[in-house]
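Here the structure is a predicted model, which means the values were calculated and not measured.
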Amino acid sequence: MAGFRIGRGRDNNRAPQQPPQQQQSYGQQQPPPYGQPPYPPVGGPPPQQQWPQPNAGGHDEPEYFDPYGQQHPHAQQPPHGHGGGGNYNNDNPGHTQVFAVGEDPYSQGATYHAGAAAAAPTGPRLPWKELLRGIVTRPGQTFLQMRDYPVWGPALIVTFLYGLLAVFGLDDARKDVINATLSKAVPIVLSAGAAFVICGLLLGAVTHTLARQMGGDGSWQPTVGLSMLVMSITDAPRLLFAVFLGGDNMIVQVLGWATWVAAGALFTSLVSKSHDLPWPKALGASAIQLIALLSIIKLGTI
């Protein structure tokens, strides 16, 4: 009788045991070969990936760091229609957005920058002869063209010469100069010329300061220099007649008021063109200088 052998035999009917599959960690996963899609053909199940959980210390890779082009399952999907490509939004951390050259998507329009460079001059610098002629014949264009150029040379010389002749337009000063000796008359005339230069500088500075407070954007050197030229040129006709006829003459008085009105018009045009102000504000900025000219020069002879 054949006996049975008892032992740890192998069950032929049992399928061989499969070796345990090794799970690839996040840092050991191999990317698919170049040119092949990361997923199997349509109809097959997508590959399962194991994502590491954050450690106890809370340190983990950022959710947007995905070297295989797949999004973290816990990351929030951007809304449809937003994002620069794929499943990412270009405004998310770690991504950049492409703009055209010169395009500023965050700018809401041109804004004023303090200290920014002024606009380019509207024309070349005028020589002193054309400058003086332009103030009388075409003041608006001249003031606009010279708004960025200082005119200290013509302004100081013309104002000083005007002050020398202004002594003879004042009745009391004229008598003192005529009756004085040459050694005494020369200092009086020279001091009068220097006084008119200082007066023109101060009044021009006041006009410029008022214009800036009213919203003007002009430079102080052209404004002060041109205002000195306007003060001297507009009073020249009255002064020429006052030297020979005296300040009490009717013609001198009429010319005094007429030239004062002309000075107001030129000052308004000057401030308006130099500071980009409407004419009411420009006239208000030059009001103190007009009143000072009327009280110091005009009323002293009229």
Side-chain angles (χ1 to χ4, degrees), residues 110-123 126 131-132 134-152 154-156 158-159 162-163 166 169 195-239 253-302:
T111 56
Y112 172 77
H113 300 281
T122 57
L126 294 175
L131 173 62
L132 300 180
I135 292 177
V136 179
T137 59
R138 45 186 183 88
Q141 183 178 356
T142 301
F143 294 146
L144 183 62
Q145 186 171 348
M146 295 298 293
R147 60 169 294 175
D148 297 315
Y149 298 106
V151 291
W152 290 121
L156 295 176
V158 172
T159 306
Y162 167 74
F196 272 85
V197 171
I198 296 175
C199 180
L201 290 172
L202 295 177
L203 293 177
V206 171
T207 300
H208 169 75
T209 302
L210 292 177
R212 292 302 294 265
Q213 291 180 353
M214 293 182 181
D217 57 355
S219 303
W220 72 274
Q221 297 187 49
T223 303
V224 175
L226 292 173
S227 66
M228 294 172 66
L229 290 175
V230 170
M231 178 188 70
S232 305
I233 292 175
T234 54
D235 197 46
R238 181 203 66 85
L239 186 58
Q253 295 180 7
V254 172
L255 285 176
W257 286 105
T259 55
W260 183 74
V261 174
L266 290 180
F267 277 124
T268 302
S269 177
L270 165 62
V271 178
S272 177
K273 300 299 182 181
S274 299
H275 290 267
D276 294 330
L277 291 176
W279 73 266
K281 290 186 177 182
L283 180 60
S286 59
I288 294 180
Q289 188 167 6
L290 287 172
I291 295 174
L293 294 178
L294 181 63
S295 60
I296 297 174
I297 300 175
K298 308 290 185 178
L299 294 181
T301 58
I302 295 177

message = When you compare the side chain of Arg138 with that of Leu144, does any pair of heavy atoms fall below 4.5 Å?
response = no

Contact check, side chains of Leu201 and Met228, non-hydrogen atoms, under 4.5 Å = yes

remark   = Hits for ring pair (Phe, Tyr, Trp, His ring centres under 6.0 Å) against Tyr162, two or more places apart or cross-chain, chain-then-number order -> Phe196

task = Could you walk me through whether Leu229 and Leu131 pass the side-chain contact (heavy atoms from CB on, under 4.5 Å) test, one step at a time?
result = CA-CA 10 Å; Leu229 290 175; Leu131 173 62; 3.8 Å; yes

Got a second to check how far [X]'s [atom1] is from [Y]'s [atom2], nearest 0.5 Å?
X      : Y      : atom1 : atom2 : result
His208 : Leu270 : NE2   : CG    : 11.5 Å
Ile135 : Thr234 : CD1   : OG1   : 10.0 Å
Leu266 : Ile233 : CG    : CD1   : 8.5 Å
Leu226 : Thr142 : CG    : OG1   : 9.0 Å
Phe143 : Phe267 : CZ    : CZ    : 8.5 Å
Cys199 : Leu293 : SG    : CG    : 7.0 Å

Of all heavy-atom pairs between [X] and [Y], which one has the smallest distance, and what is that distance?
X      : Y      : value
Leu277 : Gly216 : CD2-N, 3.7 Å
Val158 : Ser232 : CG1-CB, 3.8 Å
Ala263 : Val230 : O-CG1, 4.3 Å
Lys273 : Gly140 : CG-O, 3.8 Å
Ala155 : Gly225 : CB-O, 3.4 Å
Gly204 : Ser227 : CA-OG, 3.3 Å

Strictly distance-based, threshold 3.5 Å: is any side-chain N or O of [X] a donor or acceptor partner for the main-chain N or O of [Y]?
X      : Y      : result
Ser272 : Pro278 : no
Thr268 : Gly264 : yes
Thr159 : Leu156 : no

ask   = Residues two or more places apart in sequence or in another chain: which of them pass side chain to side chain contact (heavy atoms under 4.5 Å, CB included) with Leu255?
value = Arg238, Phe241, Ile251

key: All pairs passing salt bridge (Lys or Arg N to Asp or Glu O under 4.0 Å) where residues 282-291 contributes a residue, at least two apart   = none

request  = Quick one: list whatever passes side chain to side chain donor-acceptor pair (under 3.5 Å) with Thr259, sequence neighbours left out.
outcome  = Lys298

task = Under the side chain to side chain donor-acceptor pair (under 3.5 Å) rule, collect the residues that match up with Thr223, sequence neighbours excluded.
result = His275

Side chains of residues 279-290: which donor-acceptor partners sit under 3.5 Å, not counting sequence neighbours?
residue	atom	partner	partner atom	Å
Ser286	OG	Ala282	O	3.2
Ser286	OG	Leu283	O	3.2
Gln289	OE1	Thr207	OG1	2.6

